[in-house]
Every structure is written in structure tokens, then in C-alpha cells.
Amino acid sequence: MSDRAPEPATRAGADAYRPQEIEPRWQAAWDAEGLYRVDLEDASRPKHYFLTMFPYPSGNLHVGHWYAETPADAAARYLRMKGANVFFPMGFDAFGLPAENAAIKAAREGGDVHPASLTRERIAFMTSQFKRMGAMFDWSRTLATCEPDYYRWNQWLFVRMFERGLAYRKESYVNWDPVDQTVLANEQVVDGRGERSGALVERRLMPQWHFKITDYAEELLDFSGLDWPERVKTMQTNWIGRSQGAEVTFRAEGDGDGGEAIEVFTTRPDTLWGATFMVLAPEHPLVERLTTPDQRDEVQRYVEQAGRMSEIDRQSETREKSGVFTGAYAVNPVNGARVPIWIADYVLVTYGSGAIMAVPAHDERDFAFARRFGLEVVPVVQPPGSDLTDGSEMDEAYTGDGVMINSGPFDGTPTGKGEGAGDGIARVIAWLEERNLGRRKVTYRLRDWLISRQRYWGTPIPMLFCDACGVVPEREENLPVLLPEDVAFMPTGESPLKHHERFLNASCPSCGGPARRETDTMDTFMDSSWYWFRYLDPGKDDGAVDRRLAARWTPVDTYTGGIEHAILHLLYSRFFTKAMRDMGLIDEDEPFVRLRNQGMILGEDGEKMSKRRGNVVDPDELVARYGADAVRAYLMFIGPWDQGGPWNSQGIEGVVRFLNRVWTLHTEDAEPGDAGEQRVAELRRAAHTCVAEVSEDFEAFRFNTAIAELMTLQNAMSKLKNAGLVAHPSWSEATSLMIRLLAPIAPHLAEELWHRAGNARSVHLESWPEVDASALVETTIDMVVQVNGKVRGRVTVPADADETTVLEAAKADPNVVRWLENGTLRREIVVPGKLVNLVIG
RNA sequence: GCCGGGAUGGCGGAACGGUAGACGCAGUAGACUCAAAAUCUACCGGGGAGACCCGUGCGGGUUCGAAUCCCGCUCCCGGCACCA
């Protein structure tokens, strides 16, 4: 391959660093020799599947893409030099709202834009931009989710899910625009109104497809064996929201004995005796039946008003509690108390049973509600050291542990869950179960995944409605159900599939009779919930996943992407992996072993980059001006990767200067002379310290300090260069180390310097340098001497000096001597190699 | 309101409980230049002539020693489904 490598522009001498000339030349050479094409069958090295989240083809790579991809590329390159066979693919998450919106906008303005051609053009353009990053993506295996050979397998997987009962249809609320007669995404609802029509958006129930992610709630709480950031695990755990408690049945009064059963869930069954009222969610199915005639108008008004509010509005403000009385009463099953039934929007129909028992004395929200509407407050838990018995004296709810009071047979029982803390909760549950009044229950906050979208630009859900057979999945051999491209977009945004006769009319896969196709498409999170399996063999046409390659290459070893995906995408991917395992398609439990998230890159003003603010940084311009290596290195240098931060157009100049100095260091001649043992040791120490530090930093994804260490080495080498060292073997050793350390960060510059140094083979085929521990050894060390924790002197001692010697030296320092005269020496602390602290008093 | 994260020089940021400010940007002075740019050298938290004193959002605490650990706040960023 070396004979195809281009000849460096100049052999020696001081020609300038010209990234614009070097970079395209090496990119072409790497491409020509297939340097980054991975042999998935190569078992001679350990495999490493390094995946970064694929982008939506928005039209242009912005600097945020560079921030996500180039440090990931550096990490992948590091692993490759460490000896792994690294698979680092890239593709496009190509379905989605923006392309469809462009088509709808064009339809309104009399133009003609199709999401398919628009998306394909954008993918082609962004791919060409990607190639200028100098990343080692393996473009021989790429994919776009909008292509039939990909979404066919979305459909195939959907049918498998349906067959297993993991995909099902039920009614769910959508945002309904009554003017445009269409469903809106949350982001299309602004201040409760349709973005386009301005109409007040209604919440409307519609039958829609869901995935049963809740079946996996318990397993999804288990992160063992995963090297994920704590904050992501915490966020997912809180999102799943496991609550342990009891389900208790209350009965509405009336209609002879019994009346309507109203199930409630509570985590505090020990407070049951303090339940003085009940609250139903406005959407609760029993609301209409329970409401008494005199309250009907008021209740109806409240329900309508709650229905008009978007979920975001319902919880965004810190509003005063609102609610309305139904006129009905229920009986508290534990003490027979008559409790009024209210309706309030702070109770959600989607959580628990959509109804609660309200214990105002021991729940903050119930307390606020009771005070607002003058409802009874009965304390049933006495805080330790208190003689509380009267609810009217309470200023706030008491939610802690204590001793049960006003609780019939349980008076005097300590509440709490810990061992020895009392077991009020467990004893009450046992008591309820004995009397068949309630039962132990675990509830999750997690809801099933609503996968239906009333949109065009997505994977058609491969289901049919037959008058004779009902809901029927399309036959496997008829997949894919093609998304028709000859469609007319509606100015209202309504899905054109609803009016596409050839698409709509089909024959029933079961009876052959006439059937109508489902016009809903899939949530695009479906596309990204299994795509890493597909990269292994994107063209495979006899199955979704190549099982043999999957067994060898998955799970993904390292996954990187934005923190904004901490919950949904990552949770759906974990669910899908488990579901695919249970369908017998793969053998692993988790998709991503190691996860690292980058923060967000902000505009120069510290705000999110947006066209409106005019603070968008264009990477193409930067590359033209400074070169890809400089952009890469600056993005890595800007700060900790997981924190993100503002772009600084002056900051990149510093990195450009650094790369220039590196260039000069390695290309300019210097006078050879007598090196001297001490200088050689100094050079070798600097070089090997840098190897140690940069290696450690790469392991920890600390790119900013890795570059700082390289800058330090550059400074040291530039100083030593003219001291006659250039002809010494340690100089070429240091040079070789430095170029290899730089290779993951600035791959083009490193390659050019590597070849100029006389190497024929690519630096990217070299192995990562090893630290020579003997180069790090020092004969003397400087130690700090503190008196009472404040630095009062410094001493130089032999590296192997024992404690006594160190203390002697410390106490001999003239300034320290002065300080010691101010008191009696009480204590001597020696931190080997670091400092001495002399405590006087 | 809840969940997660954060706060260190003029700026981006460094710092296994052990010399706060590595590395860089900006700035100041000098060298080179007719001059400028580029490059190179030195300085660069505040106060003080100095010994020193002050200093990591605020208030406490633990420790020989705290940016770092604990308790209580303030403000900022991100997410959210008032989660019973």
C-alpha cells in the first residue's frame, strides 16, 4: 500500500503547514487503499464495535455534528491503535417530521417537494461533508432508514411483535387540530394552539398502536454489567419509576350494597385511616356515572377545560390546585368513613388507576387541595416527639415516619420500611389482604410506547382491516408494504396516505377479501431501536439481522451520543434488544455495554446555536480556513466532552498555532551537537510522561487534557531541539511517540509527518506507544513544606529519601525555622513525594 | 413542583482530600521588521515595598490539610408525565 501513498510535497526544509493541501490528499489515499474498511471476519484481533448515534439528515452538518463525531472518532482510532479490530459505521436516521413539513409547506405555496428526494439529496450531501472530517467511518456498510430495504425489517419486526402480543391497539389521546382536521405533534402545539391553523387544540381519543414496554419495566431497572454514566442510569430509573404499595378498593355509595368499585393505588397504606376524600382524574371512566345531577354542569365544564389543556400546560405552571366536587361519596373500607369524591387535574389518568385516596395530613398535594376546598384533615401518623392529634392545627403535611394514631387496630404501630423501623405498611397490607379489601402491588410510572403516527414520512405499519377477519398483519412475503411516492401533500398537513386509493385498498392476507390498510406510520424511534444490528449486513434480504455476525459483533462495545437521548432512545433500544432476544432473534440482553455522552456545543454567546440567533458556526468554513485537523483538535480541547460549552472563534487560533508548532518541530532542520545525558533524560521523561497521560486521558474520554499534555510535550521538545539533541536516538524516539499520540486527534497532520519522517506505512496502522517506566524515574524530587497547612517552604530531596531525612530537610528550611519558633511542634505529617506538614500549637 | 447536572482569574478550563489556576485564549513588555502581520522571549488572580494577607457561588461542619467530603442555602443550565 505504501507505493500508492502520495509523495510528501517537500522532503526537508521549512515549507509551511498547509492542511488544505494535505488533508484531501490523504483522504483520497486512505479511501483508495481501503484503510478504514473493516474485515468483520478477522478474528486475529479482539473486536470492538464503536457506534455513534446516527444523525437526522437535516441538510447540512453543523458544528454540533463535528462535536459529536470527531472526539468519538479519536477514541475509536485510539482503540484501533491499541490493537482492536474496530467497526465504526455511520448512517442516517432518515424518516421524520422536518422533511414532511418541507413538502407540506411547498404544497401550500404551490411548489413541489417530496420528502424522499429531498432526504436522499441531503444524505448524499452530508455524506460528502462527513468525509471531510477525516473520520475512519467504514462507508462500505452504511444505511438510511427511509429505504425499503431497511424499513421492510421494521415491518417484519412489528409483525413479530404483534404475534407475541407485544404490539397492540388501544385508545390514546392525541393533539387534534379541529380546523385542519389533523393530528399534531407536541412540538406543533404552541400555547395550546395549532402552529399552522391557530385553532385551540383538543385532546382526542384515537385507537393507536402501542408496544408493551411495561412488560419489561422490572428488567429495564437492572443496569448490572453496563458501564454507563450514573446520571443516565438515575434518569432512566426515575423514568421507569417503580413504586411499591397496595391497591385498595373503595366503593361508591348507592345502588344497594356495593356501588361502583373504585380502585386506588397508594404507597402509604399505613395512612389509609386518614383518607378523608377521593380524587379522580378528569378523564376517569367513572366520572360521568358518579356525578350527581346538581353537579353535572360544573363537572362537565371542568372536564372540558382540563381536556383543552395540553399535558405540558397542565404541569408547567405552579398553579393553585383546581378541582370540582362530583356530589358523590364513597366509603373508606377500613373505617367506614363517608368520603366525598372530587375531580382534579393533578391526578393523572395514565398513572396507577387514575384515582387516588387523598390523605391530606400526610401528602403535600392532598394537603394543599384540602385547604383550598375546606376538606377534613385527619392526622394518622404522629411524628416522633409530638402529640399531634388535631388536623386543623397542621401547617403542612407530615410525610415522615412516626407512630400510627386514629387507625383503629393499628394505633401505636410504628410506620416505616426499614428493618427495625417498624412495619406499619407491611402489617396493614397483610390485614387488607386477609379481609380482601386490598392487595400488595407494584406500579410503574413507565407507560407503554405509543408507536402510531398519523404522518406520511415513516414506515407504514403493516396491518390491515378486514370486515370479515378484523385486524390482520400483512404476510411476510408481501413485505415491504411500500410507502407510495406518488402522493399529493395536503396544505393542512393531513397524511396523504389517507387519500391514496391504491395504497388503501388491499386484499386481506387471511381471507383474500377486500381490506383497508392501516395509514398510520411508525414513530421514528422504531428505526433507531435496532439499527446497529443492521450495519453488520445492511443489504441482507433474507432476514433483519445476520445472526452469526450479531453473535460475534454485538453488543455494541462503546456507544456515544448526546445526553438529550438519555431516556427515550436508549430506553427503547434496551427494550427492543430484550424483545428481540425473547423472539429468538439474538442472544444478548443489552444493546450497549459502554455509554458516553457528549454535552452540547453552544454559540459564541453561550446560547444554543440557531439560525434565529445568528450564532451558528459553519464547519465547512472552518475547514476551509483552518483545516479539519484544527477543527477536530479545537473541539476536543474546548473542555470536558460531557459538558459541552460555547464555541470561541479566538480559541481555535491557539490550536492552529499548536499544530503549526508541531509541524515546524518535525519538519525544520536544526544543528546537531552534543546532547548531554541530562537533556536526553529530560527529553525521554517528557515524551514518556506524555504517553502515560494521553493514554490515561483517552481511556477516560478526557480529550481536552490529552491535548494539553501534547502541547506540554511540544513546548518541551521545541526547547530541547536546539540543544543539539536532534541527532540523538532519543530524538527520533520522542518524535515517533509524539506523532503516534497525535494520530487519533489530527489524523492528516500525523500521517504527513509520519511519512516525512521516512515511514512508508500509514501511521494509522501503527500500534499505540508503550510507556518506558525507566524514563520516568527521577533522582531528586521537590517537596512542599507546610506549617499548619500553609506552604512555608520548599525542599529538594533524593527521590528515595526516607521520612527522617525528609523531615530533617524540611525543618532546616530557613523560613520554616522562623515559623516553628512561634509554637511547639505537635505533629509531623509526611506525604511521600508530595509534602510535609508540620503542625504547631 | 419533581428529576438530573453545574458554579474556579478578563475568558475556555486544570487540580488520586496534599503547592489552586496545568494547557490555551485575551492582555502587557521586549526581540525581529521601514512598518504591520506572522514568529520568538518574558510577565500575567487581587492586595502589599516586603515578610505576608485574601481568594474556587453563599453560610456552617469534618480534617493536620477542603475547589474536592458532609449539612443547609442561592443562582444558572438541561429534562419532565403534579407519579399518589
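Throughout, protein chains are lettered first and strands after them, A, B, ... in sequence-line order, and every chain is numbered starting at 1.
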In whole Å, what is the span from the [atom1] atom of [X] to the [atom2] atom of [N]?
X: A:Arg445; N: B:A81; atom1: CZ; atom2: P; value: 9 Å
X: A:Phe703; N: B:G24; atom1: CZ; atom2: P; value: 20 Å
X: A:Asn648; N: B:C25; atom1: CG; atom2: P; value: 11 Å
X: A:Tyr346; N: B:C80; atom1: OH; atom2: P; value: 25 Å
X: A:Phe637; N: B:C25; atom1: CZ; atom2: P; value: 8 Å
X: A:Ile745; N: B:C23; atom1: CD1; atom2: C1'; value: 13 Å
X: A:Asp642; N: B:G78; atom1: CG; atom2: C1'; value: 14 Å
X: A:Asp15; N: B:U39; atom1: CG; atom2: P; value: 17 Å

Looking at [N], I'd like to know if its phosphate oxygens (OP1 or OP2) sit under 4.0 Å from a side-chain N or O belonging to [X].
X: A:Arg365; N: B:C82; answer: no
X: A:Asn238; N: B:A81; answer: no
X: A:Lys790; N: B:A66; answer: no
X: A:Arg242; N: B:C83; answer: no

Need one value for [X]: base, sugar-phosphate or nothing, where a base atom within 4.0 Å counts as base even if backbone is also close, heavy atoms only.
X: A:Asn704; value: sugar-phosphate
X: A:Arg818; value: sugar-phosphate
X: A:Glu653; value: nothing
X: A:Arg661; value: sugar-phosphate
X: A:Arg231; value: sugar-phosphate
X: A:Arg702; value: nothing
X: A:Phe658; value: nothing
X: A:Val831; value: base
X: A:Ser243; value: sugar-phosphate

Distance-only donor-acceptor test, A:Asp345 side-chain atoms vs B:C82 base atoms, 3.5 Å: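 Such a pair is found, so the answer is yes.
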Do A:Arg657 and B:U39 share a donor-acceptor pair, side chain to base, under 3.5 Å? no
Run the side-chain contact (heavy atoms from CB on, under 4.5 Å) test against [X] and tell me which residues pass, sequence neighbours left out.
X: A:Gln643; value: A:Pro640
X: A:Pro333; value: A:Val248, A:Phe250, A:Leu437
X: A:Val791; value: A:Val784, A:Gln786, A:Arg794
X: A:Pro19; value: A:Tyr17, A:Glu23

Any side chain to side chain donor-acceptor pair (under 3.5 Å) involving residues 238-247 of chain A? Give me the pairs, sequence neighbours left out, ordered by first then second residue. A:Glu218-A:Arg242, A:Arg242-A:Gln244, A:Ser243-A:Tyr351, A:Glu247-A:Arg439, A:Glu247-A:Lys441
Is there a residue in residues 712-720 of chain A whose heavy atoms reach under 4.0 Å of RNA chain B, and which residues are they? A:Thr712, A:Asn715
Counting only heavy atoms and a strict 4.0 angstrom limit, can you tell me which residues of residues 834-841 of chain A come near RNA chain B? A:Lys834, A:Leu835, A:Asn837, A:Val839
Can you measure from CG (A:Leu635) to CH2 (A:Trp641) and round to the nearest 0.5 angstrom?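 Going from the CG atom of A:Leu635 to the CH2 atom of A:Trp641 covers 11.0 Å.
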Chi-angle category of B:G45 [syn within 90° of 0, anti beyond]: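 What B:G45 shows is an anti base, its glycosidic angle lying more than 90° from 0.
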What's the closest nucleotide to the side chain of [X] if the choices are [options]?
X: A:Trp239; options: B:A81, B:G13, B:U19; result: B:A81
X: A:Gln650; options: B:C25, B:U19, B:C64; result: B:C25
X: A:Ile356; options: B:A15, B:G24, B:A84; result: B:A84

List for me each residue that meets ring pair (Phe, Tyr, Trp, His ring centres under 6.0 Å) alongside A:Tyr216, sequence neighbours excluded, and say none if there are none. A:Phe575
The criterion is ring pair (Phe, Tyr, Trp, His ring centres under 6.0 Å); which residues satisfy it with A:Trp819, sequence neighbours excluded?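 Applying ring pair (Phe, Tyr, Trp, His ring centres under 6.0 Å) to A:Trp819 gives none.
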Could you measure between the two [atom1] atoms, the one in [N] and the one in [M], and give it in whole Å?
N: B:U62; M: B:C70; atom1: C1'; answer: 7 Å
N: B:C53; M: B:G57; atom1: C1'; answer: 22 Å
N: B:G46; M: B:G55; atom1: P; answer: 16 Å
N: B:C52; M: B:C34; atom1: P; answer: 48 Å
N: B:G30; M: B:C23; atom1: C1'; answer: 24 Å
N: B:C76; M: B:A81; atom1: C1'; answer: 25 Å

Answer yes or no for [X] and [Y]: cation-pi contact, defined as NZ/CZ to six-membered ring centre under 6.0 Å and angle to ring axis within 45°.
X: A:Arg632; Y: A:Phe703; answer: no
X: A:Arg574; Y: A:Trp228; answer: yes
X: A:Arg365; Y: A:Tyr346; answer: no

Both A:Ile829 and A:Asp366 contact RNA chain B. Which one's nearest nucleotide lies toward the 5' end?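 Residue closer to the 5' terminus by nearest nucleotide: A:Ile829.
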With nearest nucleotide decided by heavy atoms, which residue, A:Tyr351 or A:Asp782, maps closer to the 5′ end of RNA chain B? A:Asp782
Any chance CD of A:Glu653 has more than 12 other-residue heavy atoms, nucleotides or ligands included, within less than 6.0 Å? yes
Is atom CD of A:Glu171 surrounded by more than 12 heavy atoms (other residues, nucleotides or ligands) closer than 6.0 Å? yes
Enumerate donor-acceptor pairs with a distance under 3.5 Å from any side-chain N or O in residues 822-836 of chain A to protein atoms, sequence neighbours excluded.
residue, atom, partner, partner atom, Å
A:Glu828, OE2, A:Lys811, NZ, 2.6

Using Watson-Crick or G-U wobble pairs with both distances under 3.5 Å, give me RNA chain B in dot-bracket, 5' to 3', with [ ] for crossers and | for pairs to another strand. (((((((..(((.....[....))).(((((.......))))).(((....)))..(((((..]....))))))))))))....
Do any side-chain atoms of residues 705-717 of chain A form donor-acceptor pairs under 3.5 angstrom with protein atoms, and if so which ones, sequence neighbours left out?
residue, atom, partner, partner atom, Å
A:Thr705, OG1, A:Asp697, OD1, 3.3
A:Thr705, OG1, A:Asp697, OD2, 3.1
A:Thr705, OG1, A:Arg702, O, 3.3
A:Thr712, OG1, A:Ala708, O, 2.9
A:Gln714, OE1, A:Ser718, OG, 2.8
A:Asn715, ND2, A:Met711, O, 3.4

